[in-house]
Amino acid sequence: MNEKTKLSKFISLVLRHHPEVISLKIDEYGWCDVDELIANLNKHGKSITHEILQDIVDTDEKQRYSYNEDHTKIRANQGHSINVDLGLKEEEPPEFLYHGTVEKFISSIMKNGLQKGQRQFVHMSYDIETAVTVAKRRGVPVILKIHSGKMFRDGIKFYRSKNNVWLCHSVPGSYIEQMESSP
Ligand code: HQG
């Protein structure tokens, strides 16, 4: 893994899960001060400038981070375990969404549904390819087709993050179909 990717992963950890590891303040909406983030990262042995941070934000393949309008604040677009209000609006999902996981979780998922675990939401992908990438972090991909349109019509709320990850609080097993030939 190159230095930029390592730094980006560490920034994700700080902004989504553990701001305290660099004594960073994050507000209730998930924002932190850009100057403070840079200063605190450097204090904790991570060499970073405003230019490097900008490059990480601009080139992130999943567009994980956003600046506010005047560039004084930054936050992660999704994936938090800390309790933040991203101001996401409810949205009607496509008829199907996808969730990438691995075999060892399947029996529990079919029994208990998809649970958000440590995070604020269950994450679902718009396309199978993205779900495969998500699953590959854990092993051989198993792709679940989520009957999101039906869920929505049944009154379950959906949200979409700024970087196009579909989110909801849980997915009951009855809306989950394991795809036949997982890639
Ligand atoms: C599984 C990454 C047993 C679930 C990705 C998953 C994504 C259950 C794991 C984002 C379960 C949770 C989120 C149940 C769910 N029983 N296992 N009832 N319900 N699971 O990391 O969706 O690169 O919290 O299938 O790309 O894998 O970090 O969620 O395997 O967008 O930006 O429990 O994180 O984004 O794992 O990934 P996670 P996820 P970043």
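All figures in this text were calculated on a predicted structure; none of them were measured in a lab. Atoms within a ligand are numbered from 1 in the order they appear, just like the ligands themselves.
- Close to ligand 1: I109, with a non-hydrogen atom less than 4.0 angstrom away.
- Below 3.5 Å of separation, one finds an N or O of H99 facing an N or O of ligand 1.
- For E129, the CD atom counts as loosely surrounded, since its 6.0 Å shell holds 12 or fewer non-hydrogen atoms of other residues, nucleotides or ligands.
- Within 6.0 Å of atom NZ in K25, 12 or fewer heavy atoms from other residues, nucleotides or ligands are found, so the atom counts as exposed in its surroundings.
- L167 and F152 fall into different hydrophobic clusters, where Ile, Leu, Val, Met, Phe, Trp and Tyr residues are linked whenever their side-chain heavy atoms come under 4.5 Å apart, directly or through other members.
- Of the possible donor and acceptor atoms, none in the side chain of R64 sits under 3.5 Å from a partner among the backbone N and O of A76.
- The N/O atoms of G113, backbone and side chain alike, include one that comes under 3.5 Å of an N/O atom in ligand 1.
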Intermediate values then yes/no, side chain to side chain donor-acceptor pair (under 3.5 Å), K62 and T130:
CA-CA 10 Å; K62 282 170 98 181; T130 309; over 6 Å; no

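- Nearest protein heavy-atom contact of atom 21 (O) of ligand 1 is R138 NH2, 2.6 Å.
- Ranked by closest heavy atom to atom 24 (O) of ligand 1, the top entry among K62, Q78, R119 is R119.
- Between N112 and ligand 1, a contact under 3.5 Å exists for no N or O pair.
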Between side-chain atoms of residues 80-89 and protein atoms elsewhere (two or more places apart, or another chain), which donor-acceptor pairs fall under 3.5 Å?
{"from": "S81", "atom 1": "OG", "to": "H17", "atom 2": "ND1", "distance (Å)": "2.7"}
{"from": "N83", "atom 1": "OD1", "to": "Q120", "atom 2": "NE2", "distance (Å)": "3.3"}
{"from": "D85", "atom 1": "OD1", "to": "G87", "atom 2": "N", "distance (Å)": "2.8"}

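- The T101 neighbourhood of ligand 1 comprises atoms 4 (C), 25 (O), 30 (O), with distances under 4.0 Å to a heavy atom of that residue.
- Near R16, meaning under 4.0 Å from any of its heavy atoms, are these atoms of ligand 1: 28 (O), 32 (O), 40 (P).
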Donor-acceptor contacts, no H, no angles, side chain residues 92-101, under 3.5 Å, sequence neighbours left out:
{"from": "E95", "atom 1": "OE1", "to": "R153", "atom 2": "NH1", "distance (Å)": "3.1"}
{"from": "E95", "atom 1": "OE2", "to": "R153", "atom 2": "NH2", "distance (Å)": "2.8"}
{"from": "H99", "atom 1": "ND1", "to": "H123", "atom 2": "O", "distance (Å)": "2.9"}

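- From the protein, the heavy atom lying nearest to atom 10 (C) of ligand 1 is H123 ND1, 3.3 Å.
- Side chain of N77 to main chain of K162: no donor-acceptor pair is present (N/O by atom type, distance under 3.5 Å, no hydrogens or angles).
- Distance alone, capped at 3.5 Å, is enough to place a donor-acceptor pair between the N68 side chain and the T72 backbone.
- Protein heavy atom closest to atom 19 (N) of ligand 1, with residue, atom name and distance, is Q115 N, 2.9 Å.
- In this structure, M124 does not count as a contact residue of ligand 1, since none of its heavy atoms falls inside 4.0 Å of the ligand.
- Here the heavy atom of the protein found nearest to atom 1 (C) of ligand 1 is F105 CD1, 3.8 Å.
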Go through the steps to decide whether L37 and I48 satisfy the test side-chain contact (heavy atoms from CB on, under 4.5 Å), and finish with yes or no.
CA-CA 10 Å; L37 174 65; I48 188 167; over 6 Å; no

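- Closest to atom 37 (O) of ligand 1, if we only count protein heavy atoms, is R137 NH1, 3.3 Å.
- Where the criterion is an N or O separation shorter than 3.5 Å, residue side chain and backbone included, K116 fails it with respect to ligand 1.
- Per-residue contacts place S108 under 4.0 angstrom from the following atoms of ligand 1 (heavy atoms of the residue considered): 3 (C), 14 (C), 16 (N), 18 (N).
- Near L114, meaning under 4.0 Å from one of its heavy atoms, ligand 1 places the atoms 15 (C), 19 (N).
- The one candidate from W166, F158, Y159 that meets the ring-ring contact (aromatic ring centres under 6.0 Å, His included) condition with F121 is Y159.
- R64 NH2, 2.9 Å is the protein heavy atom nearest to atom 23 (O) of ligand 1.
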